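Let me begin by presenting the structure, written as structure tokens, before commenting on it.
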Amino acid sequence: MSRVALEGGNKTGGEKPRLASDHYDGERFFNPSGIPGKNFSDVLRWWWREERTPWPKSVEVPVAPPLPVVLPKGELHVTFIGHATFLLRTSEWSLLTDPHFTERASPMSFAGPKRVRRPAYTLQEIPKVDFVFVSHNHYDHMDIGSLREIQKRFQSEIIVPLKNEVVLNERGLNQVTTLDWWQTIQRGTLKITLTPAEHWSARGLWDRNKALWGGAIIEWGKERIFFAGDTGYGPHFSTIRSRLGQPSLSLLPIGAYEPRWFMKNHHMNPDEAVMAHVDLAAKNSLGMHFGTFQLTNEGLDDPEKDLTKALRDRKVSAEIFRAARFGETMILQSSTTSK
Ligand code: ZN
Ligand code: ZN
């Protein structure tokens with residue numbers, strides 16, 4: 001645990017310099033497990049020498065039913081919008097994870113990974129967004145265009161790992177609350193704890209690992225949703241279960257994993273996602289972070305095929321862990337059902 005964890009999160013403005021911790025050296029964040037970062041020659045080797053399986057330019061997303069404006073009391077609705085974007089709603093609050101509704105996951109509007117699937121719901125189709133959780137600053141997770149639109153429409157509070165407020169504030173986004181790993185905030189009946197992940201951060205050439213990354217345990221009554229963000233496989237899943245409890249539902253990345261020599265430290269493959277599901281002892285899991293942006297070498301459908309194989313190999317029921325369907329809503333209540 002960080003030695004500098006504070007209760008209640010930090011509203012930005014007048015942020016004090018932070019002390020070093022087991023994942024921060026006073027200037028940059030790091031993974032306590034000691035996994036190495038990528039060096040520039042590895043990036044070039046991947047870029048020049050590895051073959052990418054081509055993806056289609058676009059894939060149809062079935063039309064999803066309109067989202068209800070009012071939810072029944074006692075239900076938590078988890079809607080998959082695409083990539084790492086989920087809408088979590090109760091009758092009391094609504095929260096988006098890593099909202100991405102624009103065309104590209106890139107610093108440039110004219111180049112970089114372009115979405116092949118549209119978001120299953122547009123922002124205009126979402127009745128309300130009280131909170132946003134952004135797991136880290138990579139372009140497929142922190143999309144400034146989407147965040148601006150959300151804050152303009154809903155004045156939502158944005159919850160991020162430490163130091164991500166810097167880039168958000170520079171872009172005119174406010175109401176940002178920062179959390180260190182294991183730090184918790186409560187907003188009415190919603191409780192969010194930032195959890196560790198094995199990953200890294202950068203938006204440009206000069207900000208490598210200057211902002212923290214993570215996942216979140218989102219609690220509401222007895223329901224506990226784990227949103228993993230981007231992560232390699234590591235011991236943190238077991239630690240999260242032992243410190244915060246068994247999730248009712250975990251949302252685990254299953255895409256962006258090939259080639260393994262380059263991706264393994266920072267992105268799980270479906271087999272590792274199944275291991276994470278087992279470590280977490282999650283009642284149910286949904287695979288995410290696939291089929292939207294081509295970030296790595298595997299084919300469009302490989303994550304789902306590899307997940308099916310991994311579940312068979314590890315004897316985990318495909319009814320408990322499957323890839324999320326674009327636009328589906330899973331409803332959690334005393335018993336968990338899907339429609
Ligand atoms: Zn990332
Ligand atoms: Zn990602």
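Hydrogens, waters and symmetry mates play no part in the numbers below; they use all other heavy atoms, side chains included. A quick note: this is a predicted structure, and the numbers were derived from the prediction, not measured. First listed ligand is number 1; within each ligand, the first listed atom is number 1.
- As for Asp230, its N/O/S atom nearest the Zn ion (ligand 2) is the one called OD2.
- Nearest N/O/S atom of His141 with respect to the Zn ion (ligand 2) is recorded as NE2.
- Closest N/O/S atom of His138 to the Zn ion (ligand 1): ND1.
- Comment: Lys163 does not engage Glu27 in a salt bridge, judged by the lack of any side-chain N to carboxylate O separation of less than 4.0 angstrom.
- Nearest N/O/S atom of Asp140 with respect to the Zn ion (ligand 2) is recorded as OD2.
- Inspection of the Asp98 and Ser135 side chains reveals an N or O donor paired with an N or O acceptor under 3.5 Å.
- Salt bridge annotation for Asp271-Arg314: present, with a cationic side-chain nitrogen under 4.0 angstrom from a carboxylate oxygen.
- Between the Zn ion (ligand 1) and His199 there is an N/O/S contact shorter than 2.8 Å.
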Ring pair (Phe, Tyr, Trp, His ring centres under 6.0 Å) between His267 and Tyr257, intermediate numbers included: CA-CA 6 Å; His267 289 272; Tyr257 53 88; 9.3 Å; no
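- Under the 4.0 Å criterion applied to side-chain N and carboxylate O atoms, Glu258 and Arg52 are not assigned as salt-bridge partners.
- Within the coordination shell of the Zn ion (ligand 1), defined by N, O or S atoms under 2.8 Å, His267 is absent.
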